[in-house]
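Just so we're on the same page: letters track the sequence lines, and every chain starts at 1. When reading the values below, keep in mind they use all heavy atoms of this one structure, side chains included, and skip hydrogens, waters and symmetry mates.
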Amino acid sequence: MAGMNFAQWGNDLYTGRRSYPIVQRRKTWFAIVGVFAIASIVVLLTKGLTLGIDFRGGTEFTVAGATTTDQQPAVDAVHDVLPDDEPRVAVVGGDSVRVQTETVDEAQKSELATGLADAYGVEESAITTSFVGPTWGAGVSMRALWGTVVFIAAAALFMAVYFRAWRMSVAAIVAMLSDLLISAGVYSLIGWEVTPSTIIGFLTILGFSLYDKMVVFDKVRENTADLQTQTRSTYEERANLAVNQTLVRSINTSVVALLPVASILFVGAFLLGAGTLRDLSLSLFVGIAVGAASSIFLATPLDAALRNGEPKIAAHTRAVLESRQQLAAEGGHEAELAAASTGSAQLIPGRHQGQGAQPRRRRGN
Amino acid sequence: MADSRTKRSRPVRTLVVLTILTIVVPFLALGAGVLFDGKSEENPGGASWAPGLALDLQGGTQIVLTPVSTDGSEVTDETVSESINVIRQRIDSSGVTEAEITSQGSGNIVVGIPGEVDQATIDLVSQPAQMRFRPVLTYAQGTPTPEQGGAGGGEEGAPAEGGGAKDGAAKDGAADDAGTSPSGKSAGGAVPDPEATATAATQDPTPEPTDEQSGGKGEGQGDAAATDPSDLAQITPEVQAEFDALDCTDPKNLTGGGGDDPDKVLVTCGESDGMKYILGPMEVDGTHISSASSGLVPGPNGTTTNEWGVFLNFDSVGTTEFRETTQRLQGLEPPRNQFAIVLDSLVVSAPSLDAGTVITDGQAQISGSFTQDSAATLANQLSFGALPINFDVQSQEEISATLGSEQLRNGLLAGLIGLALVVVYSLFQYRTLGLLTVGSLVVAGVMTYLAIAILSWTMGYRLSLAGVAGLIVAIGFTADSFIVYFERIRDEIRDGRTLSYAVERGWIRARRTVLAAKSVTLISAIILYFLAVGGVQGFAFTLGLTTIIDVMVVFWMTHPVMEVLSRIPFFRDGHSWSGLSPERLRIGSGPRYAGAGRVRMPEPATVGAPATGAGASPVSEPAAPAPSAGPSVGERVGAAASTGAPATAATGRRLTIAERRAAERKAAAAAADGSAPDGSAPDGRAPDDPATAGPAASDENEENR
C-alpha cells in the first residue's frame with residue numbers, strides 16, 4: 001500500500017530513523033545549483049529573452065469594413081508570414097479589425113496587408129498600418145523593478161528580524177534569486193515570448209519561493225531553538241533533521257501547487273496554442289518546482305553553511321564534536337554516536353500529568 | 001485565535017461567526033448592491049453577481065488621445081511617455097482597472113479601458129492638467145447669493161472639525177475668527193473621482209476653504225487697474241454679479257475643464273463643499289512645481305507627527321514667484337491671506353498663510369486635516385500640474401476582447417481539472433481529512449469570489465486572464481496552510497499524543513509558521529501594490545486578497561473544524577481512513593527515545609504481549625485498535641506509550657519490579673532482533689542502553705521507584 005509506505009516514510013523521516021544527509025552534502029547541491037545558474041546565465045546571454053510587443057511595441061494593422069469580425073482569419077494570415085508571432089486581434093468599433101504584430105519591415109508589412117485583405121475580403125487600401133508603442137513601457141518596468149527591489153529588501157528585513165539571524169535571511173534571498181535566475185534560463189531556453197503575464201508569473205515565483213523558504217526555515221528555527229542548551233547535536237544536524245522532517249510537507253505542497261498549474265500549462269500549451277495562460281503557467285511551473293526544491297537543497301544547506309560561521313554556533317559545534325570524539329575515544333556505543341549525529345532524538349519534554357499520575361499506595365496485596 | 005489558548009475553545013461558535021462575517025454578510029451586501037445599484041447600461045459601475053472582466057476578456061472602450069502642448073513647446077516623445085505615465089496614474093488612482101495605455105503612430109496615445117466607460121472616466125484621462133496658484137479674493141456659500149461676498153466669507157461652513165490648514169511651518173494663529181471655513185461635505189465622504197477627493201483638509205478655524213472640487217468656472221472680466229493680484233478692486237460689478245449668480249449646486253458648474261485665462265480674475269466654485277470663490281490672476285504656474293509628495297508632517301525637533309501633509313518643491317522661477325506671493329499674502333487680512341490651488345479651473349485647496357510666513361526656499365508644506373488618501377491625492381494632482389499638456393479626444397470606440405471567450409472557458413476548465421487533481425491527491429494523502437482541505441478550499445473560493453464581485457462593484461476591480469490564472473495558482477498557496485497544519489498534527493501524533501492534544505499543540509506551532517510565511521507574501525503584495533502600476537498592481541491586489549482570505553479560512557474554518565473532528569470518534573480513535581491513525585504515524589520498528597529517560601517501544605515487539613493499555617478499559621481510554629495496540633497512548637500523553645512487557649502476571653497479580661525488568665529485557669531483545677536487519681542507526685541503540693531500554697515508563701510512573 002503506497003499510502004502506508006509514504007506515511008511510514010514520513011514517520012521515519014520525522015523520527016530521524018531515516019535521514020538523508022541533505023545539509024551535509026551541501027557541496028554537491030551548491031555545485032549543481034552553480035552549474036544550473038551558469039547555464040542559465042549563458043542561455044540568457046546568448047539566446048536572451050524574446051520580448052513581446054507589450055515591451056517593444058510593434059506594428060498595428062487596422063482593417064476597416066471587414067466582412068467578418070472573427071479573429072481567427074487574422075491569426076492565420078499573420079502566421080503565414082510570421083509563423084512565430086502571436087498577433088493580438090481585436091474588433092474595434094463594430095466592423096474594424098485591429099491586428100497587432102511584432103515590428104515588421106516594409107516587405108513583411110505589405111505581405112501582411114495583402115494577407116489580411118484577403119482574409120477579411122476588403123481592398124488593400126482599407127488597411128492602415130501604424131507603429132504601436134509598448135503598453136508596458138520603460139516606466140512600468142521601472143516601477144515594477146523598483147517595487148520588487150523594495151519588496152525583497154522588506155522581506156529580507158522581516159526574515160532577519162523574525163529569525164533573529166541575518167544569515168538566514170541572506171540564505172533565503174540568495175536561494176530565491178537563484179530560483180529566479182534558473183526559471184528565467186529555462187524560459188529563455190524554450191524561447192517563448194516574454195509578455196506581461198510572464199513577468200507576473202515571475203513575481204509569483206518570488207512570492208512562492210520566499211513563502212516556501214519561510215516554512216522550511218521556520219522548522220529549522222523550531223528545531224534549533226534550544227540548540228545551545230544541549231550538546232548532542234550540532235546546528236547542522238538539527239537543520240538537516242528539520243529538512244528531513246518537512247520533506248513530506250514540501251512534497252505535498254509542491255504537488256498540490258503544481259497540479260493546477262500543470263493543468264493550465266497543458267490546456268494552455270497543447271489545446272489552446274499560445275496566450276496568456278501558456279506563458280504564465282510555464283513560468284509558474286518551472287518556478288514553483290525550482291523554488292520548492294531549492295528550499296530544501298539550497299536554502300537550508302546554505303543557511304547551515306553561513307551560520308556555521310556565527311561565533312556562538314561555531315563554538316557550539318566545536319563543543320559537540322569534541323564531546324562526541326571524547327565519547328568515541330572512551331569507547332561509547334557506535335549507535336549512540338550515530339543517533340546523535342542524525343539529530344534524531346528530538347527531546348520532547350513531558351508535562352504535568354495531574355494528580356492521577358502520581359504514585360499510589362497499593363492496597364490489597 | 002484566542003480560543004485555542006483558552007481552556008475551552010468554542011470551535012462551533014467560531015465557525016458560525018465566520019460564516020456570517022465572511023460569507024453571509026458579503027453575500028447580502030452584494031445582493032443589496034445588485035438590487036439597488038444593479039449593473040446596467042446606464043450604470044456600468046453597478047453591482048453584479050458576476051465580477052467585472054478586464055480588457056483582454058471582455059473588451060471595452062478604446063480612446064485615442066492626442067496631446068497638445070499648452071505653452072507652445074513641441075510635443076516630444078518624452079512628453080508623450082510622460083503623459084502616458086500621468087494618464088496611467090490617474091486611471092490607477094481611480095481603482096484597480098488594468099487599463100491598457102500605449103502610444104501609437106506619431107504622438108497619439110491609445111487608452112483601452114475595460115467595459116463601458118462613462119463620461120467621467122473619459123474626462124479623467126483626457127482632462128487637461130492645468131495647475132495654477134491664485135490668490136483668493138473672497139469666497140461664499142456656493143448658492144446664488146443676494147449678499148455681497150465681502151471679505152471673510154462668514155458663511156456657516158461646517159462646524160470646525162480638524163485643525164485649520166496651515167501653510168509652511170506656520171501655526172495657524174491667524175486662524176481665529178475669519179469666519180468658519182467652508183467645510184467640505186466631501187471631507188471624508190465618498191467622492192466620485194480622485195480629483196474630487198482633493199483635500200478633506202483644512203476645515204474650520206482658519207478660513208481656508210479647501211476641498212473644493214471642480215467648480216463651475218467663469219471668468220470675470222477683472223480689470224487691469226488692479227495694483228496687484230490681491231487687489232479687491234478687481235471685483236468689478238460684473239464679477240460680483242457673476243459670483244452672486246454662480247450656483248455651485250448645479251452639477252454642470254462642477255465639471256471643471258480648464259481653459260481659464262491666467263491673467264484674469266476667476267470665479268469658480270468648490271464641488272463638494274459648495275463654496276464659491278473669486279480668485280485673482282495667476283501667481284505661480286503649476287508647471288513650476290518640480291515635485292510634490294505626501295507624508296507625515298515633521299514636528300519640532302525632528303519628531304514625526306501623526307498629521308498628513310503635502311510637500312511641494314518649486315523650481316527656481318516658481319520659488320521666486322511663490323516667495324513674492326507669500327510675501328504679499330501673509331500681511332493681508334483673511335480671506336485674502338489665502339491662495340488657491342486651482343486645477344483645471346477648479347479650486348483644489350486654498351490654504352492660508354499666517355502673518356509673517358514667507359516661503360523663500362520654494363519648499364512649501366500644506367497641512368490640515370488631511371487623511372493619508374487625501375494628502376496623496378493632492379500631491380498627485382500637484383504632480384500632474386507640472387505637465388503643460390492638453391489631450392484632444394480623437395476617437396472613442398468599442399473594442400472587443402483580445403482573447404476569445406474560449407480562453408476564459410478553457411482557463412476555468414483547466415482550473416477545475418487542477419482542482420479535481422488536488423482533491424484526489426489530498427484524499428490519497430490525508431484520507432478523510434483531505435475532505436477538510438477540499439472544504440476549506442471551497443470556502444476560500446466562495447469568499448474570494450464574493451470579495452472580487454464586491455470589489456469590482458465598489459472599486460472597479462477587473463479580472464483579467466492573468467488574474468484568473470493567479471487565482472488558480474492561489475489554490476496551491478492556500479492548500480499549503482492546511483498541509484503545514486496537518487503535518488504538524490501528525491508530528492504530534494507521531495510523538496504519541498492524543499488527537500485533541502495533538503491538534504492543540506500542532507495548531508500552536510503551525511499557526512506561527514503559517515502567519516510568518518503569509519506575512520512575507522502579504523508584505524510583497526502590499527509593497528508591489530503601492531509601488532507598481534498597471535498589471536503588476538492588479539496582480540499584487542489579487543495576491544494580497546487571496547493571502548488574507550487564506551489566513552482567515554485557516555484560522556476560522558480549518559482549525560475550528562479540526563477541533564470538532566478531534567472529538568468525533570472516527571478521527572479521535574484514529575480510524576485507518578481518518579488520515580490520523582496512530583499506526584500509520586508510528587514507527588514500525590525500533591524503540592524510540594521519548595524524553596525524560598523513557599523510550600517508546602516498537603509495535604512488532606508487542607505483538608502477542610498484552611499491552612499495558614489493555615488493563616484499562618478500552619472505553620475510558622481510547623487505545624488504538626487492538627492488534628497494533630502497542631502505543632496505547634491514552635490519556636498518559638508524553639509517557640512512553642508502548643510497552644514490551646506485561647505488567648501483570650497471568651494470575652492477575654502485579655509483578656514485582658524485578659520480574660518486570662526481566663520480562664522487559666526479554667521483550668527489548670526481541671525488539672532488537674526484529675529491527676536489527678533494518679540496520680538503521682538509532683535502532684541499535686536501545687537494547688544496549690540500559691537507560692533507555694525496554695522499560696515502559698508508563699508503568700514505572702505508576703509504581704514507586
Look up atom [atom1] in [X] and atom [atom2] in [Y], then write down how far apart they are to the nearest 0.5 Å.
X         : Y         : atom1 : atom2 : value
Ser524(B) : Leu206(A) : OG    : CG    : 8.0 Å
Ile527(B) : Trp146(A) : CD1   : CH2   : 11.0 Å
Tyr430(B) : Asn252(A) : OH    : CG    : 4.0 Å

Inset, instruction - Determine whether Asp491(B) and Lys219(A) make a side-chain contact, defined as any pair of heavy atoms from C-beta on separated by less than 4.5 Å. - result: yes
Under 4.5 Å from any heavy atom of chain B, what part of [X] do you find: side chain, backbone, both or neither?
X         : result
Val150(A) : both
Val256(A) : both
Ser250(A) : neither
Leu284(A) : side chain

Legend entry - For chain A, the option from Leu419(B), Leu421(B), Ile109(B) that forms the most heavy-atom pairs under 4.5 Å: Leu421(B)
Inset, instruction - Please determine, among Asp480(B), Val422(B), Thr521(B), the option with the most heavy-atom pairs under 4.5 Å with chain A. - result: Asp480(B)
[X] and [Y]: which non-hydrogen atoms are nearest, and at how many Å?
X         : Y         : value
Ser263(A) : Gly418(B) : OG-N, 3.4 Å
Phe158(A) : Ala516(B) : CE2-O, 3.6 Å
Ala517(B) : Val215(A) : CB-CG2, 3.8 Å
Ala144(A) : Leu528(B) : O-CD2, 4.4 Å

Legend entry - Partners passing side-chain hydrogen bond (donor to acceptor under 3.5 Å, both in side chains) against Thr513(B) (at least two apart in sequence or in another chain): Asp218(A), Arg488(B)
Just distance, no hydrogens or angles: give the donor-acceptor pairs under 3.5 Å from side chains in residues 472-479 of chain B, sequence neighbours left out.
unit_1	atom_1	unit_2	atom_2	d
Thr478(B)	OG1	Ala474(B)	O	2.8

Legend entry - Contact origin within Phe482(B) toward chain A - heavy atom pairs under 4.5 Å: neither
